[in-house]
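Small disclaimer: the values here were computed from a predicted structure and weren't measured. Residue numbers start from 1 in every chain, and the chains themselves are labelled A, B, ... in the order their sequence lines are given, proteins ahead of strands.
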Amino acid sequence: MHDLRWIRENPDAFDRGLVRRGLPARAEEILAIDREWRGLETEAQESQATRNRLSREIGAAKSRGEPIDELLRQVEGRKQAETATAAKAAELRQQIDELVATLPNLPAPDVPDGPDESANKEIRRHGEPPRFNFDPLPHEVIGEKLGLMDFPRAARLSGSRFVVLKGALARLERAIAQFMLDLHTGEFGYTEIAPPYLVRDEAVFGTGQLPKQAEDMFRTTDDTGGLWLIPTSEVPLTNLVAGEILDEAALPLRFTAWTPCFRSEAGAAGRDTRGMIRMHQFSKVELVSVTRSEDSQAEHERMTGCAEEVLKRLGLPYRVMLLSTGDMGFAAQKTYDLEVWLPAQDTYREISSCSNCGAFQAQRMKARYRPSGGKGTQPVHTLNGSGLAIGRTMIAIIENFQRHDGTVAIPEALQPYMGGQQVIAGNG
RNA sequence: GGAGGGGUGGCCGAGUGGUUGAAGGCGCACGCCUGGAGAGCGUGUAUACGGGCAACCGUAUCGCGGGUUCGAAUCCCGCUCCCUCCGCCA
């Protein structure tokens with residue numbers, strides 16, 4: 001959510017940000033309603049001040065035993081006009097809020113302009129794509145040949161975009177997640193969280209998936225009014241600080257969680273239909289940081305580094321992309337995607353997305369901190385990143401470490417989590 | 001699922017219609033006191049919005065939303081969350 005006062009003071013910068021996002025300028029429209037609202041607001045408040053004063057006088061007169069008829073006459077009729085003014089003001093304010101709530105965060109200055117992912121900028125690469133003396137197979141073929149990845153049965157249970165993993169691959173999912181959690185908690189100072197997977201409207205509004213991306217999520221329909229299945233644990237982790245006023249000394253907060261994620265993939269019909277690239281349900285280790293405003297840029301680099309370290313230790317080749325204005329998510333002001341090499345697709349595919357949301361989410365969820373020394377409060381900055389998506393990590397391992405005989409080597413870093421197993425050879 | 005109880009400031013805790021944004025206590029900050037510390041004393045200590053260059057002024061907020069009233073933390077209605085007991089249950 002954008003700070004209305006900031007828009008008032010910086011209407012041009014606001015519009016420039018929207019235009020860079022490929023959206024029309026809106027400042028003039030917003031500020032016109034804002035001017036009208038403020039006029040009515042002031043009017044209503046002044047009227048109320050008068051009425052409050054008269055009411056106090058009535059109380060005082062009554063306690064002295066004096067007549068109050070004259071005072072009652074003065075206050076009479078006042079209420080109606082005031083209520084109408086206040087109602088109109090509230091209506092305008094709601095109009096502003098609803099309009100502003102649909103506008104995405106503004107891109108940071110160093111974000112490249114562009115209509116889509118074609119304008120993304122490669123920042124760096126790490127590792128060399130492996131060379132094979134045979135044609136590398138896609139992960140789903142390897143998994144099915146090993147008898148450890150079952151799409152038909154998953155479809156029978158749940159339809160398309162689901163998978164059943166068995167034996168060593170089921171264990172591999174757990175191993176990957178544990179390895180990531182241990183790294184982030186043990187070496188990078190993140191606190192492990194086990195959050196709810198079902199959340200209310202306010203939480204999803206806070207991180208910005210509502211109101212615009214409702215169709216990308218699943219919602220329960222129980223009689224309590226319905227809850228959203230989290231599309232990412234960014235939602236519960238970030239909303240941990242919703243509505244709070246934090247001590248400056250408590251920052252930064254760093255949270256990590258291993259959770260399932262649920263996405264309807266409504267807009268992705270026909271894309272990535274083979275394999276486990278795009279599932280309705282996948283698991284992910286998420287990283288979330290809550291920082292002071294002046295620290296979020298450095299934290300963004302740090303967080304991206306934490307996610308990269310996972311790929312480095314697994315020996316997976318990847319590149320870091322700085323997303324363009326056209327490819328960034330709603331709440332982000334700047335995003336790095338980590339893309340891992342997938343031999344069968346002969347390309348890099350997204351495996352992590354690390355975003356600095358600045359004050360955008362904080363303002364939506366009213367999360368602030370009290371700067372020590374200074375007065376008042378200011379919104380925290382929030383960041384989130386995958387560290388990493390488990391399913392896609394598994395895909396990358398299977399494809400990059402496949403061998404001519406159809407078996408898959410387990411990266412050394414994961415072997416302790418696989419009971420010392422070094423190779424996945426099928427039948428568990 | 002059934003029955004009952006309760007949500008007041010950073011915390012505890014008063015308060016059933018009239019200077020109550022809210023007593024009192026704790027905590028915290030600053031000052032005084034002290035050789036220093038403690039005790040003691042004094043002052044201060046919410047958030048949001050509007051107006052103002054500012055000092056400051058105003059409005060709202062006692063779980064949330066609505067209603068009654070000249071006036072609501074206090075009365076009424078709806079919702080929500082928490083707690084206790086019973087039942088059920090991983």
Please state how far atom CD in A:Glu46 lies from atom P in B:G52, giving the value in whole angstrom units. 11 Å

Paired nucleotide for B:G35 [Watson-Crick or G-U wobble; both distances under 3.5 Å]: none

Please state how far atom NZ in A:Lys62 lies from atom C1' in B:G18, giving the value in whole angstrom units. 8 Å

For a quick test of reading the model: is some side-chain N or O of A:Arg368 closer than 4.0 Å to OP1 or OP2 of B:U47? no

Indicate, with a heavy-atom threshold strictly under 4.0 Å, whether A:Arg8 touches base, sugar-phosphate, or nothing. sugar-phosphate

Listed nucleotide nearest any side-chain atom of A:Arg38, set B:C49, B:C70, B:G51: B:G51

When you measure from the side-chain N and O atoms of A:Thr377 to the phosphate of B:A48, is any distance below 4.0 Å, counting only OP1 and OP2? yes

Find out whether A:Phe218 and A:Gln281 are in side-chain contact, i.e. whether some heavy atom of one side chain is under 4.5 Å from a heavy atom of the other. no

Reckon A:Arg370 has a side-chain N or O less than 4.0 Å from the OP1 or OP2 of B:A46? no

Does a side-chain N or O from A:Asn52 land closer than 4.0 Å to OP1 or OP2 of B:G58, or not? no

Does B:C49 have OP1 or OP2 under 4.0 Å away from a side-chain N or O of A:Gln45? no

Regarding A:Arg200, tell me which of base, sugar-phosphate or nothing describes its non-hydrogen contacts under 4.0 Å with the strands shown. sugar-phosphate

Taking atom types as modelled, find out whether A:Glu308 and A:Tyr318 have a side-chain donor-acceptor pair closer than 3.5 angstrom. yes

Which whole-number value in Å describes the distance from A:Gln48 CD to B:G71 C1'? 11 Å

Name the pairing partner of B:G27, where a pair is Watson-Crick or G-U wobble with both distances under 3.5 Å, or state none. B:U45

Do A:Glu309 and A:Phe188 come close enough that some side-chain heavy atom pair is under 4.5 Å? yes

Can you find a side chain N or O atom of A:Arg51 that sits less than 4.0 Å from OP1 or OP2 on B:C70? no

Quick one: are the ring centres of A:His280 and A:Phe262 less than 6.0 Å apart? no

What is the nucleic acid contact for A:Ile245, judged by heavy atoms within less than 4.0 Å: base, sugar-phosphate only, or nothing? sugar-phosphate

Heavy-atom count check: over 12 atoms from other residues, nucleotides or ligands less than 6.0 Å from A:Gln297 CD? no

Touch check for A:Arg5, heavy atoms < 4.0 angstrom, all strands: base, sugar-phosphate only, or nothing? sugar-phosphate

For A:Leu54, which contact category applies under a 4.0 Å heavy-atom criterion: base, sugar-phosphate, or nothing? nothing

